[in-house]
> 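The structure's right below; bear with me while I get my questions together.
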Amino acid sequence: MTKLLFAVTAADHWTLNDGTKHPTGFWAEELVESHRTFVDAGWDVVVATPGGRAPVVDEGSLAVDANGGDEAKVADQKKYLDSIESILQNPASLEDQRASDFDAIFVPGGHGPMEDLAVSTSFGALVTDFLSTGKIVSAVCHAPAALLPATTSDGGWVFDGYQLTGFTDEEETQAGLADKAPWLLESRLKELGARFESSDPWSPHVVVDRTLYTGQNPASTKPLADRVVQALS
């Protein structure tokens, strides 16, 4: 059975450039659509967070306006989150996980990963282990921030030169947080050497380079998860 490490942020806020704390967590669509896809594929999905702390949903992600005005979509997300509540309330600790125990790792987004996973050296080392052993590393929307601390033994970034995508600076601007952000994901990834690719704002876009699988935004979650499943089928 394929075994996947489902790495979720445990942050409940994102510290903005003026020091205020913007409430956040994981983005509902990104967790729901990916987790459901992997479970439906018959995989063993291990949910883990920093410190084994229960993750929180970004309440903004459950707003009808944030889901294209689709009330049924929001209701479905809430129902699925309720169905896995016991799993989310009792996650494994990311610090205890080893790449050798899994076939792939997936990170759903929300602004949460910008706060914790993006600056976690231990998580960076774990991602590096996945990559160096030829296993799939996948992240969607803001979650490619979790790739930032993955470094080589000489301090270089392991994804330097990789093609990838993530939440764009334009999308962050349209979301209204770009001018308050301590840093912007697209800009930071490019600074480190990523060959960043994007499509129109809010449209599905998936980029695959070697064993790195990334998605641009929430709408990219299901297509991205499907590509990961296809790769390991």
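Quick caveat: nothing in here was measured; it's all calculated off a predicted structure. Because only heavy atoms are used, hydrogens play no part in the values below, and waters and symmetry mates are left out as well, while side chains stay in.
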> Of all heavy-atom pairs between T165 and G215, which one has the smallest distance, and what is that distance?
CG2-C, 3.5 Å
> Evaluate the side-chain proximity of V140 to V107: yes if any heavy-atom separation is below 4.5 Å, no if none is.
no
> Is it true that, when you exclude K3 itself, more than 12 heavy atoms of the residues, nucleotides or ligands shown sit nearer than 6.0 Å to its NZ?
yes
> Main chain of S199, side chain of S203: is a donor-acceptor contact present, judged purely on distance under 3.5 Å?
no
> Shortest non-hydrogen contact from P113 to A145?
O-CB, 4.3 Å
> Under 4.5 Å between side-chain heavy atoms, counting indirect links through other Ile/Leu/Val/Met/Phe/Trp/Tyr residues: same cluster for W27 and W14 or not?
no
> Parallel, tilted or perpendicular: which one describes the rings of W43 and F38, with boundaries at 30° and 60°?
parallel
> Determine, stepwise, if the pair K73 / V64 fulfils side chain to side chain contact (heavy atoms under 4.5 Å, CB included).
CA-CA 8 Å; K73 180 179 177 181; V64 175; over 6 Å; no
> In a check of side-chain contact (heavy atoms from CB on, under 4.5 Å) between P108 and each of L224, T9, V32, V8, which one passes?
V8
> Under 4.5 Å between side-chain heavy atoms, hopping through other hydrophobics if needed: is there a path connecting L232 to V39?
yes
> Classify the side-chain pair T2/D103 by whether it contains a donor and acceptor separated by less than 3.5 Å.
no
> Classify the ring geometry between F6 and F106 as parallel (under 30°), tilted (30 to 60°) or perpendicular (over 60°).
parallel
> Side chain to side chain contact (heavy atoms under 4.5 Å, CB included) between T221 and L31: does it pass, once the steps are laid out?
CA-CA 8 Å; T221 307; L31 186 143; over 6 Å; no
> Examine V56 and V47 and state if one hydrophobic cluster contains both, with Ile, Leu, Val, Met, Phe, Trp and Tyr joined whenever side-chain heavy atoms are less than 4.5 Å apart.
no
> When you look at T128 and S132, which way does the side chain to side chain donor-acceptor pair (under 3.5 Å) test go after all the steps?
CA-CA 6 Å; T128 299; S132 65; over 6 Å; no
> Strictly by modelled atom types, are E172 and H111 linked by a side-chain donor-acceptor pair under 3.5 Å?
yes
> To the nearest 0.5 angstrom, please state how far the CG atom of L164 sits from the CG atom of L212.
5.5 Å
> Do you know the tightest heavy-atom contact between A219 and W202?
CB-O, 3.7 Å
> Find the distance between CD (E115) and NE2 (H22) and round it off to the nearest 0.5 Å.
11.0 Å
> With hydrophobic residues grouped by side-chain heavy-atom distances under 4.5 Å, do I136 and L5 end up in a single group?
no
> Treat each ILVMFWY residue as a node, draw an edge where side-chain heavy atoms are under 4.5 Å apart, and state whether L131 and F102 are in one component.
yes
> If you round to the nearest 0.5 Å, how far is CD of E95 from OG of S120?
6.5 Å
> Between Q216 and E197, does any side-chain donor sit less than 3.5 Å from a side-chain acceptor?
no
> Work out which heavy atom in V206 is nearest to a heavy atom in S220; give both atom names and the distance.
CG2-O, 4.0 Å
> Indicate whether any N or O donor in one side chain lies under 3.5 Å from an N or O acceptor in the other, for E186 and S198.
no
> H205 and N217: side chain to side chain contact (heavy atoms under 4.5 Å, CB included), yes or no, with the steps?
CA-CA 8 Å; H205 185 60; N217 45 37; 5.8 Å; no
> Does the side chain of N67 come under 3.5 Å of the side chain of Q77 through a donor N or O and an acceptor N or O?
yes
> Flag the pair M114 / W183 as yes when at least one side-chain heavy-atom distance between them is below 4.5 Å, and no otherwise.
yes
> For the residue pair L94 and A7, what are the closest heavy atoms and their distance?
CD2-CB, 3.9 Å
> Would you say L81 and F26 make side-chain contact, with heavy atoms under 4.5 Å?
yes
> Side chains of T168 and E170 only: does a donor on one sit below 3.5 Å from an acceptor on the other?
no
> Side chains of Y213 and V137, heavy atoms from C-beta outward: is any pair under 4.5 Å?
no
> Can we say K222 and D226 salt-bridge, meaning some charged N sits less than 4.0 Å from an Asp/Glu carboxylate O?
yes
> When rounded to the nearest 0.5 angstrom, what distance separates CG in L189 from CG in L148?
5.5 Å
> Can you tell me how far CG of D116 sits from NE2 of H13, rounded to the nearest 0.5 angstrom?
9.0 Å
> For the pair T152 (side chain) and G156 (backbone), establish whether a donor and an acceptor sit closer than 3.5 Å, ignoring hydrogens and angles.
yes
> Work out which heavy atom in E30 is nearest to a heavy atom in P218; give both atom names and the distance.
OE2-CG, 3.3 Å
> Enter the distance from L192:CG to F159:CZ here, rounded to the nearest 0.5 Å.
11.5 Å
> Side chain to side chain contact (heavy atoms under 4.5 Å, CB included), that's the test. Do E59 and L62 meet it? Break it down for me.
CA-CA 5 Å; E59 292 297 336; L62 291 171; 4.1 Å; yes
> Got a salt bridge between D76 and R36, using NZ or NE/NH1/NH2 to carboxylate O under 4.0 Å?
yes
> For a 4.5 angstrom cut-off between non-hydrogen side-chain atoms, does I84 reach H35?
yes
> Using a 6.0 Å distance limit plus a 45 degree cone around the ring axis, check whether R195 lies over the aromatic ring of Y162.
no
> Does a donor on one side chain and an acceptor on the other come within less than 3.5 Å for Q89 and S86?
no
> Any chance you could lay out the salt bridge (charged side-chain N to carboxylate O under 4.0 Å, His left out) test for D82 and K79, step after step, and finish with the verdict?
CA-CA 5 Å; D82 286 344; K79 181 178 180 181; over 6 Å; no
